2 protein chains.
Amino acid sequence: MAVTKDDNQYLDIEERVNKIFSPERGSMQFCPVKDILGHFADKWSIFTILALGKREKVRFNELKEMVEGISQRMLTVTLRSLEENGIVARKMYQEIPPRVEYWLTPLGRSLLEKILELANWSSTNMDAIVAARKQFAKKQ
Amino acid sequence: MAVTKDDNQYLDIEERVNKIFSPERGSMQFCPVKDILGHFADKWSIFTILALGKREKVRFNELKEMVEGISQRMLTVTLRSLEENGIVARKMYQEIPPRVEYWLTPLGRSLLEKILELANWSSTNMDAIVAARKQFAKKQ
DNA sequence: CCGTATCCGAAATGATACTG
DNA sequence: CAGTATCATTTCGGATACGG
């Protein structure tokens, strides 16, 4: 069996996946992929980070408008989690009425880069996915 | 590229975020980012795709071993969802005992590429995140 | 305005038992 | 082996009330 270009590509990916999960990449306490990626792999975190990427600084209620469908509670919970992990910074002004601003830290902006890639992928492959769904529905 | 990346990095990102969400990118029925990304933005999907990237074809129980902590039920549910969206292909052999193989479609492998980037980001920035968590704990 | 606290229903997930 | 079905449990998330 001749090795085609595609085969090489596949083996390359396979190697990279294994590399990420290999023990020497992470500390002994935890696997970074499981612990860290598992922390951001939820839709509210992803949509919140994308929304924060739209502007330099955003106020709480502005953010609530931008992340469609999120409740006040979930936005608070999500922002705290992102703040705890160094993705988001927060500044509260002692005014009346109060004003609180959120923005992405440099770390957060680097994560945004990767999420943007994912979002672009969604946009690019939308048609293929919709087609796959129709195909799957037929088979059932 | 003559202009350095850092100079206009922030503005560039802001523009790209807005572009993804702009109406003309998606159909009128749905926003690809919300509908599609929201579909894969859960940890079991992400870990399953990463596991499938490790090997060319994987059997159900092998996969269950590879995705640590997943239950049989959630693996089934996740695989069906990925199959429905054209990310995963499935072949069942009429043998006893039964054998079922799963693998990533070309579309799935292109998604894997993006997820790998995210996983790499986690690995690379692990230390910064752990530091941020400690810092946050102190402030509370 | 920007939260927190609480409660409650809904949804996601796990555990277990069973089947072709 | 690779599921499905069922039930129990945990978690998520919305609604509401309240406070700085």
Side-chain angles (χ1 to χ4, degrees), chain A residues 34-35 37-49 51-52 55-85 87-104 136 139-140, chain B residues 34-35 37-52 55-85 87-104 136-137 139-140:
Chain A
K34 266 185 53 187
D35 186 274
L37 190 52
H39 229 86
F40 305 121
D42 67 287
K43 64 172 187 174
W44 292 138
S45 293
I46 287 178
F47 293 153
T48 300
I49 291 169
L52 284 167
R55 306 251 295 271
E56 199 181 348
K57 288 176 194 284
V58 193
R59 295 182 64 171
F60 186 87
N61 277 343
E62 286 176 329
L63 210 42
K64 189 166 175 302
E65 291 297 308
M66 294 161 81
V67 182
E68 203 186 338
I70 198 169
S71 66
Q72 188 181 42
R73 181 185 134 83
M74 286 316 295
L75 182 55
T76 301
V77 169
T78 301
L79 283 170
R80 286 294 166 280
S81 166
L82 294 175
E83 195 190 349
E84 179 174 359
N85 287 273
I87 304 300
V88 161
R90 173 184 189 267
K91 179 164 176 65
M92 183 174 188
Y93 298 86
Q94 296 298 339
E95 305 171 354
I96 291 179
R99 177 162 58 103
V100 181
E101 286 178 343
Y102 294 91
W103 64 94
L104 293 175
F136 186 84
K139 285 196 296 186
Q140 299 310 305
Chain B
K34 266 185 55 187
D35 184 275
L37 191 52
H39 229 84
F40 306 120
D42 66 286
K43 65 172 186 173
W44 292 138
S45 293
I46 286 179
F47 293 153
T48 300
I49 291 168
L50 282 168
L52 283 167
R55 306 254 294 272
E56 200 180 347
K57 288 176 194 285
V58 193
R59 297 181 63 169
F60 185 87
N61 276 342
E62 286 176 329
L63 211 42
K64 190 166 175 301
E65 290 297 309
M66 292 161 81
V67 182
E68 204 186 337
I70 198 170
S71 65
Q72 189 179 41
R73 184 187 134 82
M74 285 316 294
L75 182 55
T76 301
V77 169
T78 302
L79 283 170
R80 287 293 167 280
S81 165
L82 294 175
E83 196 191 347
E84 178 174 0
N85 287 275
I87 304 301
V88 161
R90 174 183 188 267
K91 178 166 176 60
M92 184 174 186
Y93 296 87
Q94 294 300 339
E95 304 170 355
I96 292 178
R99 178 161 59 102
V100 182
E101 287 178 344
Y102 294 90
W103 65 94
L104 293 175
F136 185 85
K139 284 196 296 186
Q140 299 311 306

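Residue numbering restarts at 1 for every chain, and letters A, B, ... go by the order of the sequence lines. Values in this document were obtained by computation on a predicted structure and should not be read as measured data.
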Q: Please figure out whether A/P98 or A/R73 has its closest DNA chain C nucleotide nearer the 5' end.
A: A/P98

**Q.** A/L79 CG to C/dT4 C1', straight-line distance once rounded to whole Å
**A.** 14 Å

Q | Nearest to side-chain heavy atoms of A/V100, which nucleotide of C/dG3, D/dA15, D/dG3 | A | C/dG3

Q. So, does A/S81 use its side chain to make a donor-acceptor pair with the main chain of A/V77 at under 3.5 Å?
A. no

Q) In whole Å, what is the span from the CG atom of B/D42 to the C1' atom of D/dC12? A) 14 Å

**Q.** Interatomic distance, A/E101 CD vs C/dC1 P [rounded to whole Å]
**A.** 15 Å

Q) Looking just at side-chain N and O atoms, do A/E101 and A/Y93 make a donor-acceptor pair shorter than 3.5 Å? A) yes

Q. With respect to the side chain of B/R80, which nucleotide from D/dG3, D/dA2, D/dG13 is positioned closest?
A. D/dG3

Q) Rounded to the Å, how far apart are B/E83 CD and D/dA2 P? A) 15 Å

Q.
I need the NZ-C1' distance between B/K43 and C/dT13, as an integer number of Å.
A. 10 Å

Q: Please report, rounded to the nearest Å, how far the C1' atom of D/dG3 is from the NZ atom of B/K91.
A: 18 Å

Q.
Measure CZ/A/R90 against C1'/C/dC1 and give the value in whole Å, please.
A. 12 Å

(Q) Under 4.0 Å, heavy atoms only, any strand: does A/Q72 hit a base, just the sugar-phosphate, or nothing? (A) base

Q) To 10°, what angle do the rotation axes through the five end pairs on each side of the helix from C/dC1-D/dG20 to C/dG20-D/dC1 form? A) 50°

Q. Counting side-chain heavy atoms from C-beta on, which of C/dC1, D/dA2, C/dT4 comes nearest to A/T76?
A. C/dT4

Q: May I ask you to test the A/R80-A/R90 pair for a side-chain heavy-atom distance under 4.5 Å?
A: yes

**Q.** Length of the line joining B/I96:CD1 and C/dT19:C1', which is rounded to integer Å
**A.** 12 Å

Q: Please check the phosphate of D/dG3 (OP1 and OP2 only) for any side-chain N or O of B/Y102 closer than 4.0 Å.
A: yes

Q) Taking only side-chain nitrogens and oxygens of A/R99, does any of them come within less than 4.0 Å of OP1 or OP2 of C/dC2? A) no

Q) Of the nucleotides C/dC2, D/dA2, C/dT13, which one has an atom closest to the side chain of B/F60? A) D/dA2

Q. Counting only side-chain N and O atoms of B/W44, is one of them less than 4.0 Å from OP1 or OP2 of C/dA12?
A. no

